Every structure is written in structure tokens, then in C-alpha cells.
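Predicted model only: the values in this text are computed from it and were never measured. All heavy atoms count here, side chains included; hydrogens, waters and symmetry mates do not. Ligands are counted one by one from 1 in listed order, and the atoms in each one are counted from 1 as well.
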Amino acid sequence: MEVIIAEHAGFCFGVKRAVKMAFTAAESKEKSVHTLGPLIHNPQVVGRLSEQGVEKVDSLTEINDGIVILRSHGVASPQVAIDAKSKGLTVIDATCPFVTNAQRYAKLLVDEGYLVIMVGDRHHPETLSVLGHAGGDILVTEDFDEIQTWLNRFANKKRVGVISQTTQTFQKFSDVVSLCLKLCEEVKVFNTICYATEERQDEAEKIAREVQSMVVVGGKNSANTTHLADICRQEGIPVYHIETAGEIKNSWFNGIQRTGVTAGASTPDWIIKEVVEQLQKVQ
Ligand code: SF4
């Protein structure tokens, strides 16, 4: 079986940066190192960090001293860093600059009095961090009916600001912007999808058109990996979202001559390599 591997599969700029910061902090050995929530959405990387002594905690109350790393998706509000410092902790901010950008634009729109829509998943840590930093009433959704119902609550001449979760598909984001243009008098848009996401999504779509099945590698809790799998499914081929090579079943590839492989932005190279090697053994 021929295996086509996406050039841009795996760690993006923001994840590379966060993981490097965490391993460097762990090397010091002088202080205990913690991450507030998982550093990135990949259980295998979080496991390796834990082996190096980087402990995941869910709240500052669990840490008494040492270093706290703020994860790539950002933290619930600016107050978290203030509270950590006032406890005497050393704060390393690994928030991805693209997430910081989304936080800033959300705050700007709230401060300018726009009704703000963020296209994304309202339960995702990144959207929660954007809401916490913007400090206003923002609708986070991917649902058109919900947007219409929400906008209908407000009087005419609606001024709406639209941003996106960094890992959203461009298609969904532009569909929401088009809807707002139909319903509102003024629409201010900041495209906060990060380039790594767009690059991976465009490439995944292109490969999915040229193969008979796709394997998408990454955390089951990773939004960008899940979006990659959804994009590939739109090409009408079987798509397998796996975390490790151990999940691969030879029976998936009966009668398949060409399969594609891509991976989310939080998937490390070593896992992609194991997956590709396993696929190359399939007859
Ligand atoms: S996917 Fe984009 S926003 Fe998320 S960590 Fe990577 S570069 Fe940053």
C-alpha cells in the first residue's frame, strides 16, 4: 500500500514552543514544575512530561511552590497569573501567541460595544480563556439557528463583531460571517484562525481527494485533530482518527492501494513515525 504523508503533519509553532518551555523548566531540577491543565491536548506528550517530573494540576490551590506553566490554550483569565505570582510561584506563560491575539481582539470588540460572536466550541479551554480575557458577554457557537435566535434578542441596527477559535475551519467561519452580513448593519471581522490550522486543513483536504482512506493522528481531545478528520470525511472516504500506531487494524485497508496520513498540531513526530512505519507494513 502506498502511504502519502502530509508535509505539515504534527507539532505547530505554538505547541513546539510550549513543549520546549516545559522540558527546559524540567531540566532545572531546582524547583517543582506544574502545568495548569494539560500543557497540550496530547496524552502521550503529557505522559512524557510527567516522566520528567512535570506534574499536571487542575487548580493553583494544588501548588505551594515552584514553577507553574500556563498552557498553550491559555488560562481562564488574567487573574490566574496574578494569583500565581502572589503565591510566590514562578510563572512561565506558554500561551500560544495566536491565542493571545484572539483574546486581544475579543476584548477590543467588547470594549468597542459590538455584540461578539466567537465561532467555536464553548467548552474548549481556548474559548474559555478568550471569554475570560475579553470580560464581556460573547456568544460562542457553531450553530446558525442559535446565532439567529441570539441576534433577534437585540434591537435593529445591530453591530456585530466576529472572531474564531484558532482551530476552526475557514469554511465554517466564513459561513458565519456571511450569515451576520445578512442579519446585521455592521459586521467587524477578525480572522483569528491560526496559519498552522489553515495549512494543515488545506493539505489534509488535498490529500484526501487523492487517496482511498485517511489516517488522522492525534489526541481524541484535540479540536484541531478532530477538525482535520471531519474535513477528510467530507471527501467521502473512510477516515480513522487514532492516537497511536497500536490502534491500527490491517482490515481497514483491505482493497486499499493508497492511504493518506496527517496529524494534528499537538501530535509529536515520534508517534507519526510509528504510525507510518506500521502502515507501510500493510500489504
Ligand atoms: S494550533 Fe495554532 S493556535 Fe493552536 S497552538 Fe498551534 S499555532 Fe497556536
Practice task
Report yes or no: does E126 contribute a side-chain atom to a donor-acceptor pair with the main-chain N or O of T166 at less than 3.5 Å?
Solution key: yes
Completion exercise
Note on atom 6 (Fe) of ligand 1: protein N/O/S atoms within less than 2.8 Å are C12 SG
Exercise for the section: Would you check if the side chain of S72 reaches a backbone N or O of C96 as a donor-acceptor pair within less than 3.5 Å? Expected result: no
Handout entry: Polar contact flag, side-chain donor to acceptor under 3.5 angstrom, Q234-E205
Key = no
Which atom pairs, donor and acceptor, lie under 3.5 Å between side-chain atoms of residues 6-27 and protein residues at least two apart or in another chain?
residue : atom : partner : partner atom : Å
R17     : NH1  : T95     : O            : 3.0
T24     : OG1  : K20     : O            : 2.7

Practice task
Kindly say whether I193 contributes a backbone atom to a donor-acceptor pair with the side chain of Q168 at under 3.5 angstrom?
Solution key: no
Practice task
Say whether, by atom type as modelled, one donor and one acceptor occur between the side chain of E274 and the main chain of T244 under 3.5 angstrom.
Solution key: no
